[in-house]
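Letters A, B, ... mirror the listed sequences (proteins, then strands); counts begin at 1.
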4 protein chains.
Amino acid sequence: MQKLKKQSMEFFQTRTDLAIESREILQGSQDSEDIQGVKVSVEKIEDLELEITKVEILDNQGAEAMNKAIGNYITIESPLLTDNDMDDHEEFIKIIARELMALEALKNKNLVLVVGLGNWDVTPDALGPKVISGLLVTRHLIEFMPDQIDESVRAVSAISPGVLGITGIETGEIIQGIVEKIKPDVVIAIDALAARKASRLNTTIQISDTGVHPGSGVGNKRMGLTEETLGVPVLAVGVPTVIDAATLVNDTMDQFLDAMRTQSEKSGPFYEMLQNVNKEEKYQLIRELLDPYVGNLFVTPKDIDATIDRLADMVAESLNLALHPGLDTKDIGRYIQ
Amino acid sequence: MQKLKKQSMEFFQTRTDLAIESREILQGSQDSEDIQGVKVSVEKIEDLELEITKVEILDNQGAEAMNKAIGNYITIESPLLTDNDMDDHEEFIKIIARELMALEALKNKNLVLVVGLGNWDVTPDALGPKVISGLLVTRHLIEFMPDQIDESVRAVSAISPGVLGITGIETGEIIQGIVEKIKPDVVIAIDALAARKASRLNTTIQISDTGVHPGSGVGNKRMGLTEETLGVPVLAVGVPTVIDAATLVNDTMDQFLDAMRTQSEKSGPFYEMLQNVNKEEKYQLIRELLDPYVGNLFVTPKDIDATIDRLADMVAESLNLALHPGLDTKDIGRYIQ
Amino acid sequence: MQKLKKQSMEFFQTRTDLAIESREILQGSQDSEDIQGVKVSVEKIEDLELEITKVEILDNQGAEAMNKAIGNYITIESPLLTDNDMDDHEEFIKIIARELMALEALKNKNLVLVVGLGNWDVTPDALGPKVISGLLVTRHLIEFMPDQIDESVRAVSAISPGVLGITGIETGEIIQGIVEKIKPDVVIAIDALAARKASRLNTTIQISDTGVHPGSGVGNKRMGLTEETLGVPVLAVGVPTVIDAATLVNDTMDQFLDAMRTQSEKSGPFYEMLQNVNKEEKYQLIRELLDPYVGNLFVTPKDIDATIDRLADMVAESLNLALHPGLDTKDIGRYIQ
Amino acid sequence: MQKLKKQSMEFFQTRTDLAIESREILQGSQDSEDIQGVKVSVEKIEDLELEITKVEILDNQGAEAMNKAIGNYITIESPLLTDNDMDDHEEFIKIIARELMALEALKNKNLVLVVGLGNWDVTPDALGPKVISGLLVTRHLIEFMPDQIDESVRAVSAISPGVLGITGIETGEIIQGIVEKIKPDVVIAIDALAARKASRLNTTIQISDTGVHPGSGVGNKRMGLTEETLGVPVLAVGVPTVIDAATLVNDTMDQFLDAMRTQSEKSGPFYEMLQNVNKEEKYQLIRELLDPYVGNLFVTPKDIDATIDRLADMVAESLNLALHPGLDTKDIGRYIQ
């Protein structure tokens, strides 16, 4: 009986969910910046200490190299994203909204379903549900009182389905059921992600048009939310809020040993052996050392409770702007209670 | 634009959701205890100051008289339900579980879907979502590791779909979509209810096998969750947590005027006029006087935040016992994290 | 034993805490707008549907007439205060800050202690604690790293002491202890208030320089926070978030009977008797009719959970601006995590 | 300006707060179990997989060796503490209460002040404030209605003062102020602690009669809560809920390298160099590698939100039993709303 719990604990995430980190890992093992089948562009906004990286995976070769699906990955990064500055936040909201609106998958779509993935009872996994609470949801207003709704208002619906451990149902199944019922033109999934680097926590927003794939996000999933499973295009908006503890130990240890090696200029059989350890075996050993919470410990900043609230606000307002471009913030404030 | 908000505020509940109160209202206007087509039995448990009233509506005549659907309504009442006493709570849990297990609709059902209705962002409406958080959900365990699960564990799944104002989708549509996908044998809906009497707040649990009907619960619904709409039997478990403000004013005023009349032995044209006011008009006038929050003010006890947590625990544990009769509380504790 | 609980429940508020409502009640029984010893001025800002009423109680005569202490009472009212509009909110914040900064009691004060009254476990009473969470608190920074702090930053400290039922200590005693220890130049108390009129709920902010008096606020207090008890000037900032249920029934019934009287043009002995009921007796009878939650039921809008968060943000940001006039919102955002 | 924030982030904890871990660290570098000036006894309760370790530091020699103050340290450990099992919890509550009642410092004390340390806005640091919410607080009842209170009820008061970053006041100063005002006979401080080992998270309760020392707890403190600073005996009850990220990396890396060494039987200059790195320097380098959240990342189990609630309940109920031994749980439930 007790084994069960442990096994269900393994539903946890050890890789990176960020395309930008996949690329960095890859480049670490290559000489050149160019990866075949991948197109990259970078935009900087100095005032906001902001960098927007657009990674386009063009074909199967690029997909294999990056271990990500073909499509667009937009990463918006700024250390100021975690700051509590209302003026900066308004700028970030406009930039995120602009990037969303530029996506082909969102154009000329009448009915949108926003899905807030994650568990509202686990602070760093509650991004999705909290975004849903801040959305300007309009499908029911348009349906029940169409003459009172401006035509600039798009039909938006939303759901926070909860996680497998709480529902006993794959999130993918729940969303399939709802999609078949209300037939949206596009799905937007919001999720808390796992990063590899501490510096990315809560300072990065990733937008992609490739959906959510099995095994990504803070909680593990077995069924993805993609155009194949749902029959409509799926956008994903994610923010890395945790690092898996074993990944953090693994990476920091590597950096530490590198630093030691450089500093001391010493090596020898022990160092060579360490260099040759199989990556997967090394990771597994670290996980075992972290027992009994195998795979279930996460690393997060101390201020995560307040930060999640701010990030959820920002993502929700970006979506409101992008989905209802005809409304200004004043109008949106009036609709949302 | 602004009119919208007010209209969406009207989604609020003014009647009683309790069969026991329907019966009291009815009896107030009748000489006899007997209502045709309705069978009533009462059980008392002195120690717990508990009264269990079973109302069975047998036919259309009874249904019309009671303004409730044909079926069983079990009301468990005790002022001690709001007390913070662990020993009493264990007794209440066993009694609620016993009543649930006695229902025909729950017998020999393999897959159960529990639906937590209500809005987790509105304290007295958060009963349903909070019950879902405390449930022993097993459908995924049985599916993914059947050999490790005892056969005494029934397949239980659960969902808190949110409310229309947050999702833009009728709760009924969401549940239909999920029911069509996972095909449960029975649905159990949990909801916070509106009462008429302050003494019933948080001291009453109502169980029925007739589902949830449009317009009941703390938030209004247009589509019910019933065997007709979902294709499977629907049980409902509800706890009254609020009184609509206009209803409270209306009822307390009536009692006040009665008391004044009796005490003073005075009457006259003004009193007679009051007696003859149309009930609906009177209620509407009170609502207007309570403007600008028409229909949107509720009355609730000061300790509602703590009380909702305790009641949700109690209902969740009752369901765990009733749905997995082969497990003891120790086993259940191990499964639920 | 059980009696205890009931008695402790009586710690609840039945009057109005708003000077503006005291004045309205008074004017209802007078012919003229002028009350001796009371000076009133009104300012309107059309765009924000805002009205600022300044009531100055000049002497004992005014104090007796108003049943309030000598001093200044500033009421800022707008139905838009409950709206979720970021642009309006910035305007409100500036106006509230301006009114605070104009108060004599805040000028040239070096060390400020902000006290967040109320119970964080009771949604409509959590205004004070939530304001404290959003404050730019600086006393420790100035003390521990004075050279790194701009001199435009005033030394601000803050405390949410909890309520008598949770601490077993009068809030006044706790604050006295802290005041004697850290010796602030001025205390600012933040509190959720009780209103009489539904239209004032969450749409009114009252600022006064007379402190907090026993028996005001959503929870009752026996010891006030005033210059007499603390030895330093005490400002109070309050927002009405609830109406006592008995008060609501009482007032709505009066309006209803008036409306009936006018409409029907009927009167007679019953009406006259009603007119002559002693006010206190009438109120007591209504309370008894609302038993068993005597004095413990409150009336609040359905959206109180979200509204309290917004109002607390607004009050906290107003205080930040008023207490650190040299900092702009960007600076403040950087300090507050 | 921005430097400030980073500096205030350093208020974070890197050592272990557990006497039992100090002893383990010490024993790692010694041959024998015996440490001069330290007395240790162990009790096991098989059913509950429970181990109670009592460490008595007798004199300065022991204090220096352990780097802890002279006094008693009781550690109650069981992996079942994190389980959600009501029956086990009742057993744990009785055991914790028994250990508290056996402490000399609690005997014949009339007025108790319980202090809930920590930040209610940071999940794993909210243990103290949550315990306060569940306490049976009686000082005000005894003061205001002495004839209605059983003499078995001790006068208990409580406060959650918040943390330095929120109040701008050292917690020690706040508590001094309150202690001088209400003059308790003993103070009991509740705090979330930092552990070194993942297996101790949420599975260990430490009770000591030596107070809380500067720099312990999840948040850092500069002033302790001890008999010297407060003038009355101070008990401390703590539960480790986090591991500092740099500590976890440090310890896991050491274990990993040891395992590699043993397995591969390889060594050489690099290994020797690693062995000889100064411990403090090594720790500092790891902290720098974890930049930019220096010292501000913590490691905690995924289920911390639910676990903190359960542990706080358990500690609160243990205190209720220990402080009011004449009351049974039924009575306590009636008093606490």
Side-chain angles (χ1 to χ4, degrees), chain C residues 1-5 7-9 11 111-114 116 119-121 129 132-133 135-145 148-150 153 155-162 164-170 172-182 222 296 327 330-331 334-337, chain D residues 1-5 7-9 11 111-114 116 119-121 129 132-133 135-145 148-150 153 155-162 164-170 172-182 222 296 327 330-331 334-337:
Chain C
M1 228 34 149
Q2 262 179 305
K3 283 217 163 158
L4 266 182
K5 209 173 63 187
Q7 290 195 352
S8 72
M9 278 182 179
F11 290 64
L111 176 56
V112 178
L113 173 64
V114 185
N119 187 345
W120 46 77
D121 289 335
I132 297 308
S133 291
L135 277 189
L136 171 50
V137 162
T138 51
R139 177 179 171 272
H140 58 310
L141 303 177
I142 293 170
E143 196 166 303
F144 299 141
M145 29 187 149
Q148 291 191 40
I149 301 288
D150 217 278
V153 177
V156 174
S157 58
I159 185 93
S160 288
L164 181 59
I166 281 182
T167 62
I169 316 170
E170 280 278 353
E173 285 184 278
I174 296 174
I175 301 307
Q176 276 181 341
I178 297 170
V179 164
E180 284 165 19
K181 206 83 215 162
I182 71 165
R222 288 159 192 236
N296 204 33
L327 294 183
K330 212 171 198 93
D331 297 318
R334 288 225 174 101
Y335 277 105
I336 307 178
Q337 261 310 314
Chain D
M1 234 29 153
Q2 262 178 304
K3 284 219 163 158
L4 265 182
K5 207 172 66 186
Q7 291 198 351
S8 72
M9 278 182 179
F11 288 67
L111 176 56
V112 178
L113 173 63
V114 185
N119 187 346
W120 44 79
D121 289 334
I132 298 308
S133 292
L135 278 188
L136 171 50
V137 161
T138 50
R139 177 179 171 272
H140 59 310
L141 303 177
I142 292 170
E143 196 166 301
F144 300 141
M145 31 187 147
Q148 291 192 40
I149 301 287
D150 217 278
V153 177
V156 173
S157 58
I159 185 94
S160 287
L164 181 58
I166 281 182
T167 62
I169 316 171
E170 280 278 354
E173 285 184 278
I174 297 174
I175 302 306
Q176 277 181 340
I178 297 171
V179 164
E180 284 165 19
K181 206 84 217 162
I182 71 165
R222 289 157 191 237
N296 205 33
L327 295 184
K330 212 172 197 90
D331 296 320
R334 286 223 175 103
Y335 277 104
I336 307 179
Q337 261 309 316

Revision key, fill the gap. Scored by heavy-atom pairs under 4.5 Å with chain C, the best of D:Gly165, D:Pro129, D:Ser157 is D:Ser157
Point to revise | Criterion side chain to side chain contact (heavy atoms under 4.5 Å, CB included) on D:Gln176 and C:Lys181, from CA distance to verdict | key: CA-CA 8 Å; D:Gln176 277 181 340; C:Lys181 206 83 215 162; 3.2 Å; yes
**Study point:** Chi angles and distances behind the side chain to side chain contact (heavy atoms under 4.5 Å, CB included) call for C:Thr167, D:Val137
**Key:** CA-CA 6 Å; C:Thr167 62; D:Val137 161; 5.6 Å; no
Practice item. Could you tell me which portion of D:Glu180 (side chain, backbone, both or neither) has an atom closer than 4.5 angstrom to a non-hydrogen atom of chain C? Key: side chain
Practice item. Identify the two heavy atoms, one from C:Ser133 and one from D:Asp121, that lie closest to each other, and give their separation to 0.1 Å. Key: OG-OD2, 3.1 Å
Check your understanding: Taking C-beta and beyond as the side chain, do D:Trp120 and C:Ser160 meet within less than 4.5 Å on heavy atoms?
Key -> yes
Check your understanding: In Å and rounded to the nearest 0.5 Å, what is the CZ to CD distance from C:Arg139 to D:Glu173?
Key -> 4.5 Å
Review point. Using non-hydrogen atoms only, which part of D:Ile175 is less than 4.5 Å away from chain C: side chain, backbone, both, or neither?
Key: neither
Point to revise | Side chain, backbone, both or neither of C:Ile166 within contact of chain D (heavy atoms, under 4.5 Å) | key: both
Point to revise | Side chain / backbone / both / neither for D:Ile169 at chain C, heavy atoms under 4.5 Å | key: both
**Study point:** C:Ile174 CD1 to D:Ile174 CD1 distance, which is reported to the nearest 0.5 Å
**Key:** 10.5 Å
